[in-house]
Amino acid sequence: MLEIQRIRNEKEEIIEGLKKRHFDAAPIVAEVLSIDEEWRAKKGELELVASQMNQISKKIGVLFGQGKQDEANAAKAETAVLKTQESALKSEVDELDQKLVALMYQLPNVPNSLVKAGKSELDNETVETFGSTPEFGFKPLPHWEITDKFNLIDFELGVKITGAGFPVYKGKGAKLQRALISFFLEEADKRGYEEHIPPLLVNEASGYGTGQLPDKEGQMYYVNEDDLYLIPTAEVPLTNIYRNVMLPDENFSIKLTGFTPCFRREAGSYGKDVRGLNRLHQFDKVEIVRIEHPSNSENALNEMIDHVKSLLEKLGLQYRVLRLCGGDTGFAAAMTYDFEVYSAAQEKWLEVSSVSRFDTFQSTRLKLRFKNANKKAQLCHTLNGSALALPRIVAALLENHQTEEGVNIPESLHKFTGFEKID
RNA sequence: GGAGAAGUGGCAGAGUGGUCGAAUGCACUGGUCUUGAAAACCAGCGUACCGCAAGGUACCGGGGGUUCGAAUCCCUCCUUCUCCGCCA
């Protein structure tokens, strides 16, 4: 959510910035400002009436104390009109307030100045590429054939137990998962991220805090009986650790990491893009989250990008880094870099990580602030990224490191897998 | 799941209908004193919103209600503690 203060002060910049998303903010901004003005006027009236009520009430208290019953009762009569006014004004103010919030929820984050205008993924900029496409002396197999051949993942079994998109990892397939999780956590630890094991179900307030709610509830699994949501990413519980938090001073740089399964309903997706590990309802991911002073936001983003790059390099995967265009950048993000690894057998790029800065968009909702040098409360910046999501990494590892005999495991994983080859 | 108790400022802890946004202590900040420190003493010390300001409004777990007036009474939800039951 954008701060109302900012909408008041930077109206033109916001409208201009959101054009990069092909989002016409002008009508919403205009309505926000007009409701905001009306709200302030009504609020002023309400407070005036409340103030008069308070004065009379105090007077009545004093009069009763002095035993002046008659005068007190006379004063009581005065309040009748005020009371009616007060409750009318109060409901007007509440209604305006709700309208305002509902409108503000519709405004996406303003893209960073580096972000190019664009409509879809076709307009994303490739800012870096690493590695080269592996050469095979044979026709490489797609990962779903490799997992089948070596009995690593059983998709059919998952269908039996739960449904499509819930695979069962077996034997070396399961061990590879565990190894990758350990590897990612250890690498995050080396870079100063504190490991957390958060809840996998969150309440409604947390959903609002990070922006999954309102509007995106259809993408989350919902436990009706207890009014809880299964997390779509560890970002939700990790970031919400800092909901309603005031950091005592401006010397902070909070780095969190956590491994969790992630649950996504992915309603409406279908086709060959969802084959095998490409898209699942339940998958594993190690997430990194940062809470930063606004002045360190850019630096933090670069550190996160470096981190993800080093992970991919240690796994020996060819990758490219994209800076998403306005239209492809998520609603809450000011800037997002996507990491894609090349799948040799599928002959396409697979998204394996998304690193974003949110500036104050999340912290406004979260009420996550710090005391600045002037002892004033100021909003923190939040950032997060996947480091990394497992399924497509597994797909790329299996496909790109395959030989005619089996699959070579990258050396950085050996100490976690306990084996060097799948064959 | 059942029965009972409780939720007040950074912490501890008063306050059970009327100058209570809230005593007191601790912590913290500034000052006096001291060569320095401690102690002692003095002063300050919650958050948000509106306002140029003066000031005003709201907040005593969340929400709702009664009343001229609610931290205080009522309803409801949440959380914590104790006992019982169940359980990896």
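Computed from heavy atoms alone, side chains included, the values below leave out hydrogens, waters and symmetry copies. Protein chains get the first letters and strands the later ones, always in sequence-line order, with residue 1 at the start of each. Remember, predicted model here, so these are calculated numbers, not experimental data.
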Next item on the list: Can you figure out which of B:A58, B:G18, B:U67 approaches the side chain of A:Ala50 most closely?
Entry: B:A58
Check: CG of A:Leu89 versus P of B:U57: gap in Å, rounded?
Finding: 15 Å
Check: Which one, B:U57, B:G69, B:G21, comes nearest to the side chain of A:Met53?
Finding: B:G69
Notebook entry, point to check: If you measure from the P atom in B:U72 to the same atom in B:U66, how many Å do you get, rounded?
Noted result: 15 Å
Next item on the list: Return yes if a side-chain donor-acceptor contact under 3.5 Å exists between A:Lys285 and A:Thr260, otherwise no.
Entry: no
Check: Taking the same atom, P, in B:U24 and in B:C74, what whole-Å distance lies between them?
Finding: 29 Å
Check: With both distances under 3.5 angstrom, what nucleotide forms a Watson-Crick or G-U wobble pair with B:A43?
Finding: B:U29
Next item on the list: Tell me what A:Thr79 touches on the nucleic acid: a base, only sugar-phosphate, or nothing, going by heavy atoms under 4.0 Å.
Entry: sugar-phosphate
Margin query: Name the residue from A:Val407, A:Val394, A:Ile422, A:Ile153 that meets the side-chain contact (heavy atoms from CB on, under 4.5 Å) definition with A:Ile146.
Written below: A:Val407
Item checked: B:G65 versus B:U29 - spacing of their C1' atoms, nearest Å -> 43 Å
Check: CG of A:Leu368 versus P of B:U47: gap in Å, rounded?
Finding: 16 Å
Item checked: Nucleotide paired to B:U16 in any strand shown, Watson-Crick or G-U, under 3.5 Å -> none
Notebook entry, point to check: Is there a donor in the side chain of A:Glu292 and an acceptor in the side chain of A:Ser253, or the other way round, less than 3.5 Å apart?
Noted result: yes
Note to self: Rounded to whole Å, please give me the gap between CG in A:Asn73 and P in B:U67.
What the structure shows: 15 Å
Next item on the list: Please report the C-alpha distance between A:Glu303 and A:Arg290 in whole Å, then the side-chain angles of each, then the deciding distance to 0.1 Å, and finally whether the side-chain contact (heavy atoms from CB on, under 4.5 Å) criterion is met.
Entry: CA-CA 11 Å; A:Glu303 284 179 10; A:Arg290 299 185 62 150; 2.8 Å; yes
Notebook entry, point to check: Using purine N1 to pyrimidine N3 plus N6-O4 or O6-N4 for Watson-Crick, or N1-O2 and O6-N3 for G-U wobble, both under 3.5 Å, which nucleotide pairs with B:A71?
Noted result: none
Next item on the list: Using both distances under 3.5 Å as the test, list the Watson-Crick or G-U wobble partner of B:A22, or none.
Entry: none
Note to self: Any donor-acceptor pair under 3.5 Å linking the side-chain atoms of A:Gln177 with those of A:Asp284?
What the structure shows: yes
Check: Given the C1' atoms of B:A71 and B:G15, what is the spacing between them in whole Å?
Finding: 8 Å
Notebook entry, point to check: For A:Val62 and A:Gln55, take the nucleotide of RNA chain B holding the closest heavy atom to each; which residue's nucleotide lies nearer the 5' end?
Noted result: A:Val62
Notebook entry, point to check: For B:G56, does either OP1 or OP2 sit under 4.0 Å from a side-chain N or O belonging to A:Asn54?
Noted result: no
Check: Is it the case that A:Glu399 and A:Ser343 place a side-chain donor and acceptor less than 3.5 Å from each other?
Finding: yes
Next item on the list: For residues A:Phe370 and A:His293, establish whether the separation of their ring centroids is below 6.0 Å.
Entry: yes
Next item on the list: Whole angstrom is fine here: how far is it from CG in A:Leu63 over to C1' in B:U19?
Entry: 12 Å
Notebook entry, point to check: When you check the phosphate oxygens OP1 and OP2 of B:U57, does a side-chain N or O of A:Ser51 lie under 4.0 Å from one of them?
Noted result: yes
Review item, nucleotides 48-50 of chain B N/O atoms under 3.5 Å of protein N/O:
{"unit_1": "B:A48", "atom_1": "OP1", "unit_2": "A:Arg369", "atom_2": "NH1", "d": "3.3"}
{"unit_1": "B:C49", "atom_1": "O2'", "unit_2": "A:Lys43", "atom_2": "NZ", "d": "3.1"}
{"unit_1": "B:C50", "atom_1": "OP1", "unit_2": "A:Arg8", "atom_2": "NH1", "d": "3.4"}
{"unit_1": "B:C50", "atom_1": "OP1", "unit_2": "A:Arg8", "atom_2": "NH2", "d": "3.0"}

Item checked: RNA chain B: 5'-proximal contact among A:Ala75 and A:Phe64 (nearest heavy atom) -> A:Phe64
Check: Is B:A5 paired to anything, Watson-Crick or G-U wobble with both distances less than 3.5 Å, and if yes, which nucleotide?
Finding: B:U80
Item checked: Euclidean distance for P, B:C49 against B:C84 (whole angstrom) -> 49 Å
Next item on the list: Hunt down the Watson-Crick or G-U wobble partner of B:C86, both distances under 3.5 Å, from any strand shown, or write none.
Entry: none
Next item on the list: Could you point out which residue of A:Asp338, A:Thr336, A:Asn384 forms a side-chain hydrogen bond (donor to acceptor under 3.5 Å, both in side chains) with A:Ser354?
Entry: A:Asp338
Notebook entry, point to check: Mind checking the P distance from B:U19 to B:A58? Whole angstroms is fine.
Noted result: 14 Å
Next item on the list: Establish, for the pair A:Lys172 and A:Phe419, whether the NZ or CZ atom is under 6.0 angstrom from the six-membered ring centre and no further than 45 degrees off its axis.
Entry: yes
Check: What integer distance in Å separates A:Asp94:CG from B:A58:P?
Finding: 13 Å
Check: If pairing requires Watson-Crick or G-U wobble contacts with both distances under 3.5 Å, which nucleotide is the partner of B:A54?
Finding: none
Item checked: Whole-angstrom distance between B:C77 and B:G1, as gauged at atom P -> 13 Å
Notebook entry, point to check: Which is true for A:Ile56 with a 4.0 Å heavy-atom rule: it touches a base, it touches only sugar-phosphate, or it touches nothing?
Noted result: nothing
Note to self: Distance check needed: B:G62 C1' versus A:Lys367 NZ, whole Å only.
What the structure shows: 14 Å
Item checked: Strand partner of B:U35, provided both Watson-Crick or wobble distances fall under 3.5 Å -> none
Check: Reckon A:Lys371 touches a base, only the sugar-phosphate, or nothing at all at heavy-atom distances under 4.0 Å?
Finding: sugar-phosphate
Next item on the list: Check whether more than 12 heavy atoms from other residues, nucleotides or ligands sit under 6.0 Å from atom NZ of A:Lys11, and answer yes or no.
Entry: no
Checklist line | Rounded distance in Å between the P positions of B:G69 and B:G18 | finding: 14 Å
